[in-house]
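Below is one structure, written out as structure tokens; comments come after it.
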There are 2 protein chains.
Amino acid sequence: MQITSRFTIAVHIITALDYFRDMDRVNSEFLAGSVGVNPVIVRTVIGKLREAGLVHTLKGSSGAELARPLDEITFYDIYEAVDSVNEDEGLFHFHEQPNPECPVGRNIHKAMDGRLAAVQNAMEAEMKRITLKDVMEDTRAEILKEAK
Amino acid sequence: MQITSRFTIAVHIITALDYFRDMDRVNSEFLAGSVGVNPVIVRTVIGKLREAGLVHTLKGSSGAELARPLDEITFYDIYEAVDSVNEDEGLFHFHEQPNPECPVGRNIHKAMDGRLAAVQNAMEAEMKRITLKDVMEDTRAEILKEAK
DNA sequence: GATAGTTGTAATATAGCATGTTACATCTTA
DNA sequence: TAAGATGTAACATGCTATATTACAACTATC
């Protein structure tokens, strides 16, 4: 399994929104061109970001505006915004029918839950440490390298 | 997205193999009964565990034997054994067609790769800390609680 | 205020993957 | 030698991610 590409698409979009901030016509079609997906995908991802309060948009009006500075938007914010993982169950998909008549079967879920949560927490903690400013800086650094 | 239930199934199987160690006929059908899935699923999961060197089996002969003590089998060992995530690409699925003619598009991948790896590493590090002995102890504790 | 451009969203299509199931050759054990 | 088990291939099925078309509602500009 893998975390949906919606996540990297969202990071790409926010980076592009900032990078092309002063340009006209940074609409869903332009962004779709940069990301390499259908404009409707861009609009739905931006829709999720808007619901999460990360960007502002105006229906009918081109583009989107970041609601916060880049260093206040973390990977975790985006990961949550675009529903990267199942909200109800979390990162791990537990098999659904362990046998209640078996001592292992009826207790394994409880026995594992805390450990699975610890793994997910470790991952999410790291995501909270990484901001879009980090990505922006790395992107600009790569662009500068090209110039040489 | 979610990590395949093959992972929790594998943990369940190993726990059951240990718990019912002294019982006869702990075959794929018995285990399938405890886990609540088809016996063929059990055999394929055990097959992966065998390929990874975590259990020994003998074709035609019932059951499986743990290759190492429980405290030397980590969540990470199992997660790797059962191919919980894509081997080539890792935990995150990067969108596949960023535009090489766009400065952001042709650099975003390089700019993100290190950060994505850091997230995956954080998760895997936590998985390496958790052993099947931990799960076994928690399971037995839950079983004891029932007795009261 | 009319027109062109844009967003938001519903509806549908499609492909890939996880899981279920049947079947059977091959092996072990008694 | 017979019964029971594994290993694995082949196929079925449902779910999810992504792509795509279509269009109503809104904005910006002339």
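In what follows, chains are A, B, ... by sequence order, proteins preceding strands, each numbered from 1.
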Do B:S34 and B:H12 have a side chain donor and acceptor closer than 3.5 Å?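 Yes, a side-chain donor-acceptor pair sits under 3.5 Å.
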B:E126 versus B:Y76, side-chain donor and acceptor atoms under 3.5 Å: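 Checked: B:Y76/B:E126 side chains show no N/O donor-acceptor pair below 3.5 Å.
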State whether A:D18 and A:R21 are salt-bridged, where the test is any N-O pair (Lys NZ or Arg NE/NH1/NH2 against Asp/Glu carboxylate O) under 4.0 Å. yes
Do any side-chain nitrogens or oxygens of [X] fall under 4.0 Å of OP1 or OP2 in [N]?
X     : N      : answer
A:S5  : D:dT18 : yes
B:R50 : D:dT6  : no
B:T44 : D:dG7  : no
B:T57 : D:dT6  : no

Of all heavy-atom pairs between A:L54 and A:D77, which one has the smallest distance, and what is that distance? CD1-O, 4.0 Å
Write down the distance between [atom1] ([X]) and [atom2] ([N]), rounded to a whole number of angstrom.
X     : N      : atom1 : atom2 : answer
B:R43 : D:dA5  : CZ    : P     : 10 Å
B:I41 : C:dT22 : CD1   : C1'   : 13 Å
A:K48 : D:dT18 : NZ    : P     : 12 Å
B:E65 : D:dA5  : CD    : C1'   : 17 Å
A:E96 : D:dG14 : CD    : C1'   : 12 Å
A:L58 : C:dG5  : CG    : P     : 18 Å
B:F30 : D:dG4  : CZ    : P     : 18 Å
B:H93 : D:dA19 : NE2   : C1'   : 13 Å

Which nucleotide in C:dG8, D:dT6, C:dA23 has an atom nearest any side-chain atom of B:V40: C:dA23
Judged by each residue's nearest nucleotide on DNA chain D, which is more toward the 5′ side, B:R25 or A:N38? B:R25
Of A:S62 and B:G47, the one whose closest DNA chain D nucleotide lies more 5': B:G47
Under 4.0 Å between any heavy atoms, over every strand shown, what does A:N27 touch: base, sugar-phosphate, or nothing? Just pick one.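 It contacts sugar-phosphate atoms only.
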Ignoring hydrogens and angles, tell me if any N or O in the side chain of A:N107 forms a donor-acceptor pair with the backbone of A:P103 under 3.5 Å. yes
